[in-house]
There are 2 protein chains.
Amino acid sequence: MDLTLAKESCLHCPIRHRAVCAEADRSELERLEAAKSYRTFPRGTMLAEAGEPLDHLSSIVAGCATMSRTFADGRRQMVGLLLPSDFIGRPGRPTSAYNIEAASEVTLCRFERRMFEELVTSAPNIAHRMLVMTLDELDAARDWAVVLGRMTAREKVVNFLVNLARREAAAHDGSVSGGAVALHLPLSRETIADYLGLTIETTSRQFSALRKDGLIATPSARDVQIPDFEALALEIDDDDGGVIS
Amino acid sequence: MDLTLAKESCLHCPIRHRAVCAEADRSELERLEAAKSYRTFPRGTMLAEAGEPLDHLSSIVAGCATMSRTFADGRRQMVGLLLPSDFIGRPGRPTSAYNIEAASEVTLCRFERRMFEELVTSAPNIAHRMLVMTLDELDAARDWAVVLGRMTAREKVVNFLVNLARREAAAHDGSVSGGAVALHLPLSRETIADYLGLTIETTSRQFSALRKDGLIATPSARDVQIPDFEALALEIDDDDGGVIS
DNA sequence: ATAACTGCTTGATCTGCATCAATGCGGGAT
DNA sequence: ATCCCGCATTGATGCAGATCAAGCAGTTAT
């Protein structure tokens with residue numbers, strides 16, 4: 001799970017473009033800038049439906065969205081949390097493979113598909129940056145498979161909290177200090193459960209167990225305090241490489 | 001298993017290059033051809049170790065390899081099966097994130113890292129094709145997360161067999177007919193179990209249950225016959241989109 | 001304030017898969 | 001052939017997490 005807020009490869013930020021394109025074709029930059037438009041959607045909006053055509057490709061500017069697939073019998077599995085700088089839609093693939101839903105108010109930087117695809121095929125810089133972003137997502141997706149396939153419920157929840165804390169720290173461009181950390185959860189228990197491949201009840205029980213063990217405090221359901229981050233991280237770090245980088 | 005695959009994006013095949021590069025810079029093609037070399041490794045060879053430097057990028061020409069991560073306590077999760085035309089290593093990432101092991105004798109088409117990375121940054125065609133391949137892998141990895149997170153043991157095994165059959169059919173460039181299909185499993189029960197996030201015993205029991213239900217026959221542990229492919233596929237297809245594309 | 005609603009927690013029970021433990025089977029060496 | 005040895009199957013039992021079922025707390029409406 002890559003949760004940094006200001007990746008090198010973020011495609012909606014002109015400052016990044018300038019850095020990357022410094023000595024490259026400036027017209028490429030102009031075209032990318034010209035092709036984009038911004039739009040904000042309220043919480044709960046379906047930004048894409050699995051199998052349905054997706055005529056805009058977007059980069060998330062602000063907010064949080066979820067990517068999931070739902071079975072006919074109701075089982076749901078999230079395959080990713082989409083955060084600022086993450087990309088929605090794929091060049092060359094006209095439809096979305098997953099449901100994408102705004103988990104909070106979300107602002108997108110949108111590119112009309114045809115324009116963007118032309119850029120990707122003709123501009124080496126853009127294509128290369130898309131490749132780097134996609135490789136990051138691939139690593140995250142594979143790491144996620146490891147979590148879902150082999151971790152216990154407790155490990156899944158700890159892993160979730162630790163990564164959320166690390167992302168938050170990265171967003172503020174500092175590292176997680178050895179001390180206390182406070183988190184606001186962007187997701188409901190149900191969404192967390194669907195993310196972790198668990199039920200709501202099991203997820204809730206794991207939060208309660210961690211609280212009883214003194215590893216977290218929960219002033220409210222959506223707020224988590226971690227008095228000793230290292231102690232929490234030890235629950236998963238000490239015995240494997242299963243931590244999502 | 002016959003592994004002659006012929007994806008559009010396969011990077012070791014000059015014929016494909018020619019098709020893609022037809023009107024593009026031919027020197028790019030020359031350089032790619034010049035940079036490659038072939039090598040064959042016996043079954044069991046560790047082609048890459050998680051965290052270790054990987055100085056060659058490779059395209060699989062023949063054989064089968066597995067990608068996995070192992071926890072300190074022995075838990076192991078495979079994150080992918082690598083088959084001909086699949087790629088090992090990532091431009092811009094000097095180390096492998098996973099253990100990659102030859103599951104059978106494997107022939108690789110290898111590119112020296114520096115040469116290949118130069119090609120990716122300078123040649124739009126190569127970069128674009130890498131992007132398409134990576135997007136395919138990303139879809140597969142996310143689909144895999146859905147399988148691991150929400151499918152039952154039986155569904156996992158059925159999904160595995162159905163996908164293997166489909167890949168095999170795709171390799172022979174035909175579709176899976178409505179009738180009987182014969183498969184040779186390229187993996188041991190243990191490896192299948194690690195792939196599916198199950199134990200050996202559960203995997204074996206599921207094979208036995210499918211046999212008892214008449215959905216498969218197993219002339220040997222490594223050979224599976226599917227008398228009615230559609231009937232098997234119905235076990236998963238009718239209620240979701242959880243099939244790996 | 002009270003009611004009604006929604007999301008969270010907790011308890012009791014059930015079950016699917018893991019674990020522990022034999023047993024069977026096939027292919028290679030002698 | 002016979003003895004292996006690694007792999008696969010099958011059985012008995014245990015347990016983590018799912019399911020079923022109440023309660024509870026925060027929020028919005030009246």
Side-chain angles (χ1 to χ4, degrees), chain A residues 43-44 66 71 73-77 101 103-104 147-161 183-213 216-225 235-236, chain B residues 42-44 66 71 73-77 101 103-104 147-161 183-213 216-225 235:
Chain A
R43 176 169 188 238
T66 64
F71 294 9
D73 63 9
R75 283 179 289 178
R76 187 170 77 134
Q77 178 64 54
E101 186 177 347
S104 66
V147 170
L148 291 173
R150 289 299 184 201
M151 281 194 178
T152 64
R154 170 183 265 243
E155 288 172 322
K156 285 176 176 178
V157 170
V158 169
N159 182 74
F160 173 72
L161 292 173
L183 279 181
H184 182 75
L185 305 182
L187 307 172
S188 68
R189 288 287 183 280
E190 178 167 25
T191 312
I192 295 172
D194 284 342
Y195 193 43
L196 300 176
L198 301 171
T199 58
I200 304 175
E201 296 93 327
T202 298
T203 306
S204 181
R205 275 185 247 273
Q206 295 304 328
F207 273 95
S208 299
L210 291 172
R211 196 183 323 116
K212 195 161 56 183
D213 294 350
I216 63 171
T218 54
S220 86
R222 291 270 189 148
D223 290 287
V224 176
Q225 289 168 359
E235 292 272 319
I236 46 172
Chain B
R43 175 167 189 239
T66 63
F71 294 9
D73 62 9
R75 283 178 290 179
R76 189 170 77 134
Q77 178 63 54
E101 185 177 348
S104 65
V147 170
L148 291 173
R150 290 298 185 202
M151 281 195 178
T152 64
R154 169 183 264 245
E155 289 171 323
K156 285 176 178 179
V157 170
V158 169
N159 182 76
F160 172 72
L161 293 173
L183 279 180
H184 181 76
L185 305 182
L187 308 172
S188 68
R189 288 286 183 279
E190 178 167 26
T191 313
I192 295 172
D194 284 342
Y195 193 42
L196 300 176
L198 301 171
T199 58
I200 304 175
E201 296 93 327
T202 298
T203 306
S204 181
R205 276 186 247 274
Q206 295 304 327
F207 272 96
S208 299
L210 291 171
R211 197 184 321 117
K212 196 161 57 182
D213 294 349
I216 63 170
T218 53
S220 85
R222 292 271 189 145
D223 289 287
V224 177
Q225 289 168 359
E235 294 271 320

d(A:Leu148 CG, B:Met151 CE) to nearest 0.5 Å is 13.0 Å

Taken in chain and number order and not counting sequence neighbours, the residues that satisfy side-chain hydrogen bond (donor to acceptor under 3.5 Å, both in side chains) with A:Arg43 are none

Using the 3.5 Å cut-off, write out each protein N or O paired with an N or O of nucleotides 26-28 of chain C and the distance between them.
none

Of all heavy-atom pairs linking A:Phe207 and A:Arg189, the shortest is CD1-NE, 3.9 Å

The reported gap from CG in A:Leu183 to CG in A:Asp223 (rounded to nearest 0.5 angstrom) is 9.0 Å

Check the interface with nucleotides 23-27 of chain D: list each N/O to N/O pair with the protein under 3.5 Å, or write none.
none

In this structure, CG of A:Leu187 is separated from OG1 of A:Thr66 (nearest 0.5 Å) by 7.5 Å

Under 4.0 Å between any heavy atoms, over every strand shown, what does B:Thr152 touch: base, sugar-phosphate, or nothing? Just pick one. sugar-phosphate

In terms of heavy-atom contacts, B:Val147 and B:Lys156 come closest through O-CE, 3.6 Å

Need one value for A:Thr199: base, sugar-phosphate or nothing, where a base atom within 4.0 Å counts as base even if backbone is also close, heavy atoms only.
base

The reported gap from CG in B:Leu185 to CG in B:Leu161 (rounded to nearest 0.5 angstrom) is 6.5 Å

- Between A:Arg211 and A:Thr218, does any side-chain donor sit less than 3.5 Å from a side-chain acceptor? yes

One would report the end-axis bend of the helix from C:dA1-D:dT30 to C:dT30-D:dA1, five pairs per end and rounded to 10 degrees, as 30°

Rounded to whole Å, the NZ-P distance (A:Lys156 to D:dA18) equals 7 Å

Taken to the nearest whole Å, CD/B:Gln206 to P/C:dA18 is 9 Å

Whole-Å distance, A:Ile216 CD1 to C:dT9 C1', equals 13 Å

Output for pair (A:Arg76 CZ, A:Asp194 CG), nearest 0.5 Å, gives 4.0 Å

Rounded to whole Å, the CG-P distance (B:Leu185 to D:dC7) equals 15 Å

Atom CD of A:Glu190 and atom C1' of C:dT6 are separated, to the nearest Å, by 11 Å

Rounding to 0.5 Å, atoms CD (A:Glu155) and CG (A:Leu196) come to a distance of 12.0 Å

Separation of C:dC17 atom C1' from B:Asp194 atom CG, nearest Å, is 15 Å

Separation of C:dG7 atom P from A:Arg189 atom CZ, nearest Å, is 13 Å

A:Arg154 meets the side-chain contact (heavy atoms from CB on, under 4.5 Å) criterion, sequence neighbours left out, with A:Thr152, A:Val158, A:Gln206, A:Ala209, A:Leu210, A:Asp213, A:Leu215, A:Glu235

Atom CZ of A:Arg222 and atom P of C:dG7 are separated, to the nearest Å, by 9 Å

Heavy-atom closest pair (B:Arg150 atom, A:Arg75 atom, distance to 0.1 Å) is O-NH1, 3.0 Å

Query raised in the report: Counting N and O atoms only, with roles assigned by atom type, does the side chain of A:Gln225 sit under 3.5 Å from a partner on the main chain of A:Ile216, one being a donor and the other an acceptor?
Result: no

Anything under 3.5 Å between a protein N or O and an N or O of nucleotides 10-13 of chain D, put it in a table, one pair a line.
unit_1	atom_1	unit_2	atom_2	d
D:dT10	OP2	B:Ser208	OG	2.4
D:dG11	N7	B:Arg205	NH1	2.9
D:dG11	O6	B:Arg205	NH2	3.1
D:dA12	N6	B:Arg205	NH2	3.4

From the candidates D:dA8, D:dG17, C:dC17, the one with an atom nearest any side-chain atom of A:Ala153 is D:dG17

